[in-house]
Number of protein chains: 2
Amino acid sequence: MTSDQGERRPPSRRIADDLRDQIADGTYPPGKKLPSERALAAQYGTARNTAAEAIDMLRREGLVVAKHGAGVFVRQHRPLLRLGSNRYSRTLRESTGLSPYRAEVTKQGRTARVDCTSITRVDAPDDVADRLGLSREDRSVTRRENWYYADDEPVQVGITYIPFSISEGSLLATSANMGKGSLYARFEELGHPIARIREEISARMPTPEEVSGLAVPDGVPVLDVLHTGIDDQGRPFEVTRFVLRADLNGLDYNMPIED
Amino acid sequence: MTSDQGERRPPSRRIADDLRDQIADGTYPPGKKLPSERALAAQYGTARNTAAEAIDMLRREGLVVAKHGAGVFVRQHRPLLRLGSNRYSRTLRESTGLSPYRAEVTKQGRTARVDCTSITRVDAPDDVADRLGLSREDRSVTRRENWYYADDEPVQVGITYIPFSISEGSLLATSANMGKGSLYARFEELGHPIARIREEISARMPTPEEVSGLAVPDGVPVLDVLHTGIDDQGRPFEVTRFVLRADLNGLDYNMPIED
DNA sequence: GACTAGAACTGGCTCAAGCCAGTTTAGTGG
DNA sequence: CCACTAAACTGGCTTGAGCCAGTTCTAGTC
C-alpha cells in the first residue's frame with residue numbers, strides 16, 4: 001500500500017497524480033504527447049469526462065498544454081527573460097546602446113520588438129497618483145502604453161504614467177520613439193535623473209483581457225510590477241505598471257543593504 | 001447587440017462573464033454568496049454541470065471561493081504582507097527588536113509565528129550550489145526549514161541553505177532559536193555581515209504539496225523567491241528559497257540605481 | 001511524385017441524471 | 001430557553017451519451 005488514504009482519492013485525482021508523476025520522472029518528457037482522453041478513460045475504466053477532468057488539473061497547474069484536435073503535450077519550459085535591477089543603469093544604457101529589454105531578449109537569440117500603442121492624456125488612477133504624490137486636483141498625466149514582444153510573441157505590457165507637468169512639451173507626451181538613450185535619457189534632460197526605483201511586486205491569475213492580449217496559456221499566472229522612478233532629489237517622476245507572463249519572465253534584483 | 005461574436009461564446013463562458021461583471025460592479029460584493037449551481041442552471045436554462053463549469057472558471061481566476069455545503073462566495077481581498085528590501089537592514093533589526101516578518105505582520109494587527117521545523121545537513125541542490133559558489137565536491141550545507149504564519153494561517157515557507165564550512169559549530173547548524181538579532185546577527189559574528197542581496201523572483205502555480213502545506217486556495221499562484229545573502233567581501237554565504245502565497249504576500253523593493 | 005478528399009483521430013463543450021458529503025435551518029422535545 | 005435531530009439545502013464528483021471543430025494520416029487521383 002503506497003498511502004493510507006490513497007484509495008480514497010477520487011479517480012480524476014488518481015489519474016492526474018499518476019500523470020504528474022510520470023511527467024516528473026521523465027516517462028513523458030517536455031513536448032511529448034500524453035495519451036488521449038479516450039485512451040486514459042479506457043485505461044482507468046472511467047468515463048471520458050473523468051479523464052478530461054484529470055487533464056484539466058494538470059493544465060491548471062501549468063504542466064501541460066492542450067492543442068485542439070492534436071493532443072495534450074507536456075509543456076516546454078523556455079528559459080525566463082530575467083529583468084534585472086540594472087535595467088535602469090546609465091552605463092549599461094550607454095554601453096550597449098540597447099534598451100535593457102532588447103539586450104536581454106537578444107542575449108537569448110530571440111528577436112525583440114517594442115510597440116508603443118498609445119499615448120494619451122488621462123487622470124491617474126488612485127494607486128498611481130499615490131505613488132506620484134499627486135494632489136486630488138491635479139491628476140493629469142501622460143499615459144504611454146508599451147507592448148513587448150519576443151519573436152513576435154507578446155511577453156509583457158507596460159503602462160507608464162508621467163505627470164503632465166513634467167511631460168508637457170517634450171517627446172514624452174508626443175512621440176512613440178524616444179530617441180537616443182530612450183525614456184530615461186529624456187527624463188534626465190528634464191531635470192529628473194533616475195536615482196532610485198521602487199518596485200512593488202505581486203502575482204495573480206490574468207484577467208480575461210490579459211489572457212487574450214498577452215496570449216497567456218492556461219495555468220500560467222502573471223507578475224504585476226508597480227514601478228516608480230525616483231530622481232536624485234527623492235521626487236517620483238514616473239510610474240509604470242508592468243504585467244508579465246510568468247512563464248516567460250522572471251525578475252532578478254541585486255541590491256545593497258541600506259541602513 | 002453588445003458584441004459581434006457575443007452569441008457565439010459557449011453558455012459556460014456567458015455565465016462566467018456575467019458573474020464576473022456583477023462581481024466587478026458590486027452586485028456581488030466581497031464575501032457575498034453567489035446563486036447556487038442549481039439556481040444558475042435554472043436561470044440560464046442549462047444543465048447544472050454547465051453552471052458548475054462557469055463557477056470553476058471564476059475559481060481558477062481567484063475571484064471566488066467555494067465552501068462545500070455552504071455556497072460560493074466572492075473572495076475577500078485581504079491586504080498583502082509587503083516584504084521589503086529593508087528586511088535585512090541592521091538598524092531596523094536593532095530598533096524594532098522584531099524580525100522583519102514579525103514587524104510586518106504585527107503592523108497589520110495580526111499575530112505572527114515562525115516555526116523552524118527542521119535543521120538537517122544535506123547536499124545543496126544545483127541552483128543553490130551555483131549561487132553559493134560551491135564546488136562539485138563540497139556541497140555540504142545546513143538546511144533550515146522555516147514556516148511563517150499569520151494568525152495561525154500559513155503564509156510562506158523558507159528553506160535556507162548555509163555552507164557547512166560556515167555554519168559548523170554555530171547555532172546556525174544546531175538551534176531553532178537564533179537568539180538576539182536573529183539569523184543575520186549570527187552571520188555577522190561569523191565574519192559575514194550582510195552587505196548585498198540578490199533576489200530572483202518568479203511566479204507559478206503551486207505544486208500539490210504546496211497546496212496542502214500552505215493551504216493555497218484555488219486560483220492563487222505562488223511567488224518563488226530565490227534569495228542570496230552576500231557579505232561585504234562579495235561572498236555569498238546563504239541562500240534561501242521562499243515560497244509565498246501570492247494572495248497574501250507581495251514584495252516591495254526600494255533600491256538605488258547603480259552604475 | 002504532388003495534390004487532394006475524406007476517414008479517423010484529437011480535444012471542447014454540453015446534457016441529464018445520480019450519489020455523496022458537507023452546512024444550514026427549521027422543527028421538536030426536554 | 002436550550003439542545004438536539006432531521007430535512008432541505010449546498011458543492012464535489014462521476015457516469016455515459018452526444019455533437020462540434022480542429023488536426024493528422026491515408027488512400028486515391030491526377
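First the proteins, then the strands, lettered A, B, ... as listed; each starts at 1.
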Can you give one letter per nucleotide of nucleotides 12-19 of chain C, going 5' to 3': B for a protein heavy atom under 4.0 Å from the base, S for sugar-phosphate only, - for none? BBBBBBB-

For D115(B), enumerate each residue passing the salt bridge (charged side-chain N to carboxylate O under 4.0 Å, His left out) test, keeping only those at least two apart in sequence or located in another chain. R113(B)

Residues which pass salt bridge (charged side-chain N to carboxylate O under 4.0 Å, His left out) with D25(B), listed by chain and number, not counting sequence neighbours: none

So where does chain B start and stop touching DNA chain D, 5' to 3', when the test is distance under 4.0 Å to a non-hydrogen atom? dT10(D) to dT15(D)

Which residues share a salt bridge (charged side-chain N to carboxylate O under 4.0 Å, His left out) with E200(B), sequence neighbours left out: R131(B), R198(B)

Would you call the rings of Y253(A) and Y253(B) parallel, tilted or perpendicular, where under 30° means parallel and over 60° means perpendicular? tilted

By side chain to side chain contact (heavy atoms under 4.5 Å, CB included) - contacts of P208(A) (at least two apart): R20(B), E61(B)

Return all side-chain donor-acceptor pairs below 3.5 angstrom for residues 67-74 of chain B, not counting sequence neighbours, or 'none' if the list is empty.
none

Please name all residues satisfying salt bridge (charged side-chain N to carboxylate O under 4.0 Å, His left out) with R144(B), sequence neighbours left out, ordered by chain then number. none

Got a sec, which pairs hit salt bridge (charged side-chain N to carboxylate O under 4.0 Å, His left out) with one end in residues 29-47 of chain A, sequence neighbours left out? E37(A)-R48(A)

Between L34(B) and A70(A), which is nearer to the 5' end of DNA chain D once each is assigned its nearest nucleotide? L34(B)

